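As the structure is a prediction and not an experimental result, all values here were calculated from the model. First the proteins, then the strands, lettered A, B, ... as listed; each starts at 1.
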There are 2 protein chains.
Amino acid sequence: MTVKIKDVAIRAGVSTTTVSRVLNGEKYVREDLKNRVNEAIQDLGYAPSQIARSLVRNKTNLLGVIVPDLTSSFYSTILSSIEQTATSNEYNLLVCNISEDIEKEYKYLNIFKEMRVEGIIIMHEKINEKIREFINKLDIPVIFSSVKPMDQSFISVIVDDYAAAYDATKYLIEIGHERIGFIGGDMRDITSGQNRYSGYRNALSDHGIKIVHEHIRFGDYKVKSGYDMMGELLRYKLQPTAVFAVSDDMAIGAVNCIADHGLRVPEDISVMGFDGSQLTELVRPRITSMEQPIHHMGKVTVETLLRLISGEIQQEEDIILGHRLEVRDSCRNVK
Amino acid sequence: MTVKIKDVAIRAGVSTTTVSRVLNGEKYVREDLKNRVNEAIQDLGYAPSQIARSLVRNKTNLLGVIVPDLTSSFYSTILSSIEQTATSNEYNLLVCNISEDIEKEYKYLNIFKEMRVEGIIIMHEKINEKIREFINKLDIPVIFSSVKPMDQSFISVIVDDYAAAYDATKYLIEIGHERIGFIGGDMRDITSGQNRYSGYRNALSDHGIKIVHEHIRFGDYKVKSGYDMMGELLRYKLQPTAVFAVSDDMAIGAVNCIADHGLRVPEDISVMGFDGSQLTELVRPRITSMEQPIHHMGKVTVETLLRLISGEIQQEEDIILGHRLEVRDSCRNVK
DNA sequence: GTGAAAGCGCTAACAC
DNA sequence: GTGTTAGCGCTTTCAC
């Protein structure tokens, strides 16, 4: 049996109340008693049960996080930042990975409810009706990080996807490209997919460039789809001179596909990514990317969630963080 | 206030015991009562408190995991596998990331103790005396995954680092290399660093190849150190024709360094990695690597830990999983 | 300053 | 089959 507060009390010759007071750093405990208690704690190797504490305090200091893919560089970086921020605020993380299985989401949310987590962070936006309802009924603050589901009633910490995609496309135009391919993200229920696509289209039309449907494809944000979609783009005789992929992973897939076709990046085709994951620096050529402030995003997510929990704020609007173009080696100035 | 078992009991017109029985799927509950209870649960949106449950059952269904770096492809892949296995066994994961700050480890272990996790998985081996003692006193099963600290009393799920490094080096010899560089891992307290180094050395001497100290460097398993150490290896007039880096990340760093020096992989220099992370397939050239069964490793780790928890086994020995050479494009046959 | 006692939400004897 | 009761390990009034 693990040692409990009563054992400490007996050993120190005081009541459990006094031990509790010492534990919680309350004043009104005589110095010598405090010392005796601390000694007893030390001797016995006592650690208070957070379980019992949570029950009586009605507070668990737990946050639940749902990640769509732990192995993704983008999500694991946000998660890392979330973990850091949570920990430095005395919160612990219950982490769940739903990978492909969207049905798991409901299950996990239910576990979070049972565990009485104080707040939930979701980084996945394929929310179905059942989940939507469940979240709405939940009396636990929920915040979406880096994604924005369709439902207006959920709050998200995101970049302005439309503006970011617009700016990325504009940059490609400014360095002289006119045939600009696009590898978009999923358009179903995915606002970022839609907004990035709009940004791309509008940047083109605002600069008098006609939209060529043969230059447009949609993937699922992962490397393989970038590779496959790039393959399709390369099949047209009038190949794009630049391609904007709305995730770094897809950009890398595109670069690999181009290389495997015996063409070179950026000499033959320029490739622009999106996200600013670590991978951009890791591959050759290094990927020019429209970056999200990934680290900051995790931090802001947790900080906002904690304010939501404490009731300090009652956020109703999304939090929009700034995007930034990071020029590396994958886009060539053709002017 | 959240709804509790008593609310359900009142609404269903039964005692809390009956509700509890329905909740836990016990028999000896009349059908009609069971239905009334389930309805009440549904109506009220009741979810039992795991906190209260844990307290009385003295069982939390929680596992604690300490990861050295969440953003690393290798660790996040193991973590993903751990999460999956834990979840399918009804266990939840408390995840902590210690990044560089080793002092945090003690803090996290203490949190795990307070949270009454049933088992702990550590993927970090720079264990100091304080931690070692703490773990030894802990009455919670601890298992190391993919790493092996010096202390014999801890159990690890790992590959045979010596044999794996030996085989990797042997392969390079077999395809005709004689000047084989080595970028090792940390040697302090890191058994894998030492074992992989021994494997390399012995493979060379067993094949009558002299060990050249100018061909040997040590990094910290990360991309940057692979890059830097490769830079040093390139400074010698008698450059190696192949380099064995004991992590894929360092291998990628080495490849990038070679490219930045205007040389080509594998035409000018071959590069062999270690780990089998997703990155090997993602960069060009794809990295030939001595692979650990990463996914399986996570699974075995959790399964073993759960058996340790249930008392089903009392493992005292490490679990050694098989390694496998995955030939890709970064090593050239020079015979 | 300190302790006795009640209670957090649930389960598990034990009685009926 | 069902309900009463005690108790899990802690905190927190409320007396003293």
Side-chain angles (χ1 to χ4, degrees), chain A residues 1-38 40-41 44-62 110-118 139-140, chain B residues 1-38 40-41 44-62 110-118 139-140:
Chain A
M1 287 280 66
T2 55
V3 22
K4 34 205 158 195
I5 198 169
K6 197 170 181 185
D7 302 320
V8 175
I10 291 172
R11 175 139 186 153
V14 297
S15 73
T16 59
T17 312
T18 301
V19 177
S20 174
R21 286 196 178 111
V22 173
L23 246 31
N24 296 294
E26 286 175 36
K27 34 194 180 183
Y28 305 129
V29 181
R30 238 170 40 215
E31 269 307 309
D32 59 323
L33 282 197
K34 191 188 286 183
N35 293 338
R36 260 161 55 200
V37 168
N38 279 325
I41 289 174
L44 267 34
Y46 170 71
S49 160
Q50 287 302 334
I51 304 300
R53 224 174 223 186
S54 296
L55 187 61
V56 51
R57 287 194 185 152
N58 199 25
K59 180 164 185 3
T60 56
N61 278 47
L62 240 35
N110 208 47
I111 289 175
F112 287 164
K113 185 178 178 186
E114 295 190 344
M115 288 296 295
R116 303 298 191 251
V117 302
E118 297 181 34
D139 51 348
I140 302 172
Chain B
M1 289 281 67
T2 55
V3 20
K4 34 205 157 195
I5 198 170
K6 196 168 181 188
D7 302 322
V8 176
I10 291 171
R11 174 140 187 156
V14 297
S15 73
T16 59
T17 311
T18 301
V19 177
S20 174
R21 286 195 178 112
V22 173
L23 247 30
N24 296 294
E26 286 174 36
K27 35 196 179 180
Y28 305 131
V29 181
R30 238 171 39 216
E31 269 308 308
D32 59 325
L33 282 198
K34 191 188 285 185
N35 292 336
R36 258 158 56 197
V37 168
N38 278 326
I41 288 174
L44 266 33
Y46 170 73
S49 161
Q50 287 302 336
I51 303 299
R53 228 177 220 183
S54 296
L55 187 61
V56 51
R57 286 192 185 154
N58 198 24
K59 180 166 187 356
T60 56
N61 278 47
L62 240 35
N110 209 47
I111 289 176
F112 288 164
K113 186 178 177 187
E114 294 190 345
M115 289 296 296
R116 303 295 191 254
V117 301
E118 297 181 34
D139 51 347
I140 303 172

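As a whole-Å value, the separation of A:E26 CD from C:dT2 C1' is 12 Å. Here the P atom of nucleotide D:dG1 and the CZ atom of B:R21 are 12 Å apart, to the nearest Å. Residue B:Y28 contributes atom OH, which lies 17 Å from atom C1' of C:dA15 at whole-angstrom precision. Atom CD in A:E114 sits roughly 12 Å away from atom C1' in C:dC10 (whole-Å rounding). For A:R116 and D:dC10, the CZ to P distance is 21 Å, given to the nearest whole Å. In this structure, CG of B:L23 is placed 14 Å from C1' of C:dA12, rounded to the nearest angstrom. Going from atom CG of B:N24 over to atom P of C:dC10 covers 11 Å, rounded to whole Å.
For the salt bridge (charged side-chain N to carboxylate O under 4.0 Å, His left out) condition, no pair includes a residue of residues 44-55 of chain A, sequence neighbours left out. The stretch residues 4-13 of chain A participates, sequence neighbours left out, in these salt bridge (charged side-chain N to carboxylate O under 4.0 Å, His left out) pairs: A:R11-A:D43.
In this structure, A:T17 has no side-chain hydrogen bond (donor to acceptor under 3.5 Å, both in side chains) partners at least two apart in sequence or on a different chain. B:K34 pairs by the salt bridge (Lys or Arg N to Asp or Glu O under 4.0 Å) definition with B:E31, not counting sequence neighbours. Contacts of A:K59 classified as salt bridge (Lys or Arg N to Asp or Glu O under 4.0 Å), with partners at least two apart in sequence or in another chain: A:E118. Residues satisfying the side-chain hydrogen bond (donor to acceptor under 3.5 Å, both in side chains) test with B:S20, not counting sequence neighbours, are B:N24. Evaluation of the side-chain hydrogen bond (donor to acceptor under 3.5 Å, both in side chains) rule for A:S54 yields no partner, not counting sequence neighbours. A search for salt bridge (Lys or Arg N to Asp or Glu O under 4.0 Å) contacts involving A:E26 returns A:R21, not counting sequence neighbours. For B:D32, the salt bridge (Lys or Arg N to Asp or Glu O under 4.0 Å) test picks out B:R30, with sequence neighbours left out.
Counting non-hydrogen atoms under 4.0 angstrom, B:T17 reaches a base of the nucleic acid.
Using a 4.5 Å cut-off on side-chain heavy atoms (C-beta onward), A:Y46 and A:I5 make contact.
Near DNA chain C, meaning a heavy atom under 4.0 Å from it, residues 5-15 of chain B has B:I5 in order of number. Applying a 4.0 Å cut-off to non-hydrogen atoms, the residues of residues 44-62 of chain A that approach DNA chain C are A:L55, A:V56, listed by residue number.
Recorded end-axis angle for the helix from C:dG1-D:dC16 to C:dC16-D:dG1 stands at 40°, based on five pairs per end and rounded to 10 degrees.
Shortest non-hydrogen contact noted between B:M115 and B:T60 is O-CG2, 3.7 Å.
A:T18 has no side-chain polar atom (N or O) that falls below the 4.0 Å cut-off from OP1 or OP2 of C:dT2.
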